[in-house]
Every structure is written in C-alpha cells, then in structure tokens.
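Reviewing the structure listed below.
Keep in mind it's a predicted model, so treat the numbers as computed, not measured. Throughout, numbering of the chain's residues begins at 1 and tracks the sequence. Atom set for the values below is all heavy atoms of this structure, side chains included, hydrogens, waters and symmetry mates excluded.
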Amino acid sequence: MEVRAEKFITFLKERGIACIVFDMDHTMSAHHCGPGLLKIKLKEYVGAASKDFVSLATSLALYNSQKGEKHHFFLAVATGSDPAEYELEGQSRDTHILGPDLATALIRATCPASVLPLFKIMVGFDYRLHGKVPNQKGKRKHMRDISKFYGIPMSKMLIIDDSESSLENEEGYHGLLVRNRDVGFTYEDAEFYMQDSVDSTK
C-alpha cells in the first residue's frame, strides 16, 4: 500500500469515516463528460484518470481485504452526470456513455478487479433535470441515497469533489475539495483536508 494512501486511510479511520464517495468528472478523471461522452472518446477520458484516485481506491480494496480488520470502508460514486441525459436529442446508449456507466468503465479499466465490486452504489443525478428541488441541489440527494443504501449516518460519510458548492450541506457529511480540476483528485488534496480538519479542532 502506498505510504500516502495508508496515511490518509488511517486518518479517516481515526475520524470515524466509514463511507468515501467520489465525484466523477475532474475528480476520478481530469476530464469532463458534459451532457454525455461520445463512446469514441472513452479511451481519452479513461486515460485522464487520476492516478491518485486509482491508488486510493486500490489501497482501500486492499485494506478491506485484510483479515482481522474491524473497520470497513464503503465506497460510492456521486455524479451530476445523469442517465436522463441519454434521452437528450442526438444522444443514446449506443453512441454515448455517461453517469454510472462511465464511472464503471473508468474503474474497470484502471483499477484491479477487486475494486469495482466495492462501489455498490453509483448515483447519477442532476437536480436541474428533475424540477430543481432545492434540497436536492449539489450532491445532497446523492448523499442521502448512499446513506440510506449503506445504512450509514451522514456524519460518517466523506465526499471528494471538485466543486465547493457540492460540498455544501445541512446534514453533516464531510467534504474534501479537489483543488486542481485539470488533474483530478490528488493526495495533496487529502493533505489539505487533513490539515484543515486538525486546525478546526484546535
């Protein structure tokens, strides 16, 4: 396990985090799929996968597999890339890939086979396509759905996302900001988060 991954995992364990939720665009991958990615551009999108996302997801899978380890991390994806976008004019599942389908393709192509089964829930939802209900804005609905699916309280959940507004919430889940959207998640982002968390407790 990479040293930086081990340090971050230990920190999360000590803070009682049980579920780590990843945004997709500009987080798992440095690229953005827009309203839908043409399948012919899938290789390019996957090729821009964050190396540190792959490292962390792989390390979490290894950690979970260790015998005798009582703490278990649950993984999920929360993306604004909504399957409803398959129905947009000029798009279809035959020509485009987006949302959970795209996240699955990225994980399958970049991570060991043990990683994908840990992502038992992937939520693709854009509140603008569903009536713009205020309490569904950002990643609020995503996190509620994931919390309910795993039976984990919001206080034990962390979302990693490149959008500050997606970290805003009234329900107590934690947020780690991806600072360079052209790279995606990095361990430097984790370092900032850990330091901020320590400073806030002083």
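Between Glu168 and Lys139 there is no salt bridge, since no side-chain N of the basic residue sits under 4.0 Å from a carboxylate O of the acidic one.
Residues Ser81 and Thr79 have side chains that never bring a donor and an acceptor to within less than 3.5 angstrom of each other. Between Asn135 and Tyr127, the side chains place no donor N or O within less than 3.5 Å of an acceptor N or O (distance only, hydrogens not considered). With 3.5 Å as the limit, one finds no donor-acceptor pair spanning the side chains of Thr104 and Asp101.
Thr58 approaches Val115 most closely through the heavy-atom pair CA-CG2, 3.9 Å. The heavy-atom pair separating Leu88 from Pro35 by the smallest distance is CD1-CB, 4.0 Å. Nearest approach of Cys111 to Ala57, heavy atoms of both residues: SG-CB, 4.4 Å.
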#### Entry: Val178 and Asp23: CA distance, side-chain angles, deciding distance, side-chain contact (heavy atoms from CB on, under 4.5 Å) verdict
CA-CA 10 Å; Val178 173; Asp23 175 44; over 6 Å; no

### Task
May I have the step-by-step check of salt bridge (charged side-chain N to carboxylate O under 4.0 Å, His left out) for Arg4 and Asp52, ending in yes or no?
CA-CA 9 Å; Arg4 294 179 299 172; Asp52 287 349; 3.6 Å; yes

### Task
Run the numbers on Lys141 and Asp82 for salt bridge (charged side-chain N to carboxylate O under 4.0 Å, His left out), then give the verdict.
CA-CA 13 Å; Lys141 181 182 186 304; Asp82 193 316; over 6 Å; no

### Message
Run the side-chain hydrogen bond (donor to acceptor under 3.5 Å, both in side chains) test on Asp25 and Tyr45 for me, step by step, so that the C-alpha distance in whole Å, both residues' side-chain angles and the decisive distance to 0.1 Å come before the verdict.
### Response
CA-CA 9 Å; Asp25 293 345; Tyr45 187 94; 2.5 Å; yes

### Glu87 vs Ser92, side-chain contact (heavy atoms from CB on, under 4.5 Å): CA-CA, chis, key distance, verdict
CA-CA 6 Å; Glu87 308 305 320; Ser92 73; over 6 Å; no

### Task
Might you work through the side-chain contact (heavy atoms from CB on, under 4.5 Å) test for Leu176 and Asp189, ending with a clear yes or no?
CA-CA 7 Å; Leu176 186 162; Asp189 298 322; 3.7 Å; yes

#### Entry: Residue pair Phe53, Phe185: steps toward the ring-ring contact (aromatic ring centres under 6.0 Å, His included) verdict
CA-CA 6 Å; Phe53 160 72; Phe185 168 75; 7.8 Å; no

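Judged by distance alone, the side chain of Arg140 and the main-chain N or O of Lys137 form a donor-acceptor pair under 3.5 Å. Counting only distance, with no hydrogens or angles, the side chain of Asn169 and the backbone of Leu167 share a donor-acceptor pair below 3.5 Å. Using modelled atom types, one side-chain atom of Asn64 and one backbone atom of Phe73 make a donor-acceptor pair closer than 3.5 Å. With hydrogens and angles disregarded, no donor-acceptor distance shorter than 3.5 Å links the side chain of His174 to the backbone of Leu158. Between the Tyr150 side chain and the Lys120 main chain, a donor and an acceptor come within less than 3.5 Å of each other. When atom types are taken as modelled, the side chain of Ser65 and the backbone of Leu62 share a donor-acceptor pair closer than 3.5 angstrom. Side chain of Ser29 to backbone of Val46: no donor-acceptor contact under 3.5 angstrom is found. Proximity of a side-chain donor or acceptor of Asp145 to a complementary backbone N or O of His142 within less than 3.5 Å is not detected. Not one N or O on the side chain of Thr95 forms a donor-acceptor pair closer than 3.5 Å with the backbone of Gln91.
Within the 4.5 Å cutoff, the side chain of Ser147 has no heavy atoms near those of the Pro153 side chain. Between Ser59 and Ile9, the closest side-chain pair of non-hydrogen atoms falls below 4.5 Å. Side-chain contact between Cys33 and Met24 is present, with heavy atoms from C-beta onward closer than 4.5 Å.
Side-chain heavy atoms closer than 4.5 Å link hydrophobic residues (I, L, V, M, F, W, Y) into clusters, and following such links, possibly through other members, connects Tyr63 to Ile160. Linking ILVMFWY residues whenever their side-chain heavy atoms come closer than 4.5 Å, directly or via other members, leaves Leu129 and Tyr86 in distinct clusters. In the hydrophobic clustering of ILVMFWY residues, with side-chain heavy atoms under 4.5 Å counting as a link, Val77 and Leu56 come out together. Under the 4.5 Å side-chain contact rule for hydrophobic residues, Met28 and Leu98 share a cluster. Placement of Val54 and Leu118 within a single hydrophobic cluster is found when ILVMFWY residues are connected by side-chain heavy-atom separations under 4.5 Å, directly or transitively.
Rounding to the nearest 0.5 Å gives a distance of 8.5 Å between CZ of Phe11 and CD1 of Ile17. Ile152 CD1 to Met143 CE: the interatomic distance, rounded to the nearest 0.5 Å, is 10.0 Å. Note that OG1 of Thr10 is 11.0 Å distant from CZ of Arg15, once rounded to the nearest 0.5 Å. Atom OH of Tyr173 is separated from atom CD1 of Ile146 by 9.5 Å, given to the nearest 0.5 angstrom. Taken to the nearest 0.5 Å, the NE2 atom of His96 stands 10.0 Å off from the CD atom of Glu85. Residue Ile159 holds its CD1 atom at 10.5 Å from CZ of Phe22, rounded to the nearest 0.5 Å.
For Arg179, the CZ atom sits in a packed shell: over 12 heavy atoms of surrounding residues, nucleotides or ligands are nearer than 6.0 Å. Remark: Phe192 CZ is loosely packed, at most 12 non-hydrogen atoms of other residues, nucleotides or ligands lying under 6.0 Å away. Residue Lys39 places its NZ atom among more than 12 non-hydrogen atoms of other residues, nucleotides or ligands, all under 6.0 Å distant. In this structure, Glu171 places its CD atom where more than 12 heavy-atom neighbours from other residues, nucleotides or ligands lie under 6.0 Å away.
Checked against the 6.0 Å centroid threshold, Phe8 and Tyr187 do not count as a close aromatic pair. Within the 6.0 Å centre-distance limit, the rings of Phe125 and His130 are counted as a close aromatic pair.
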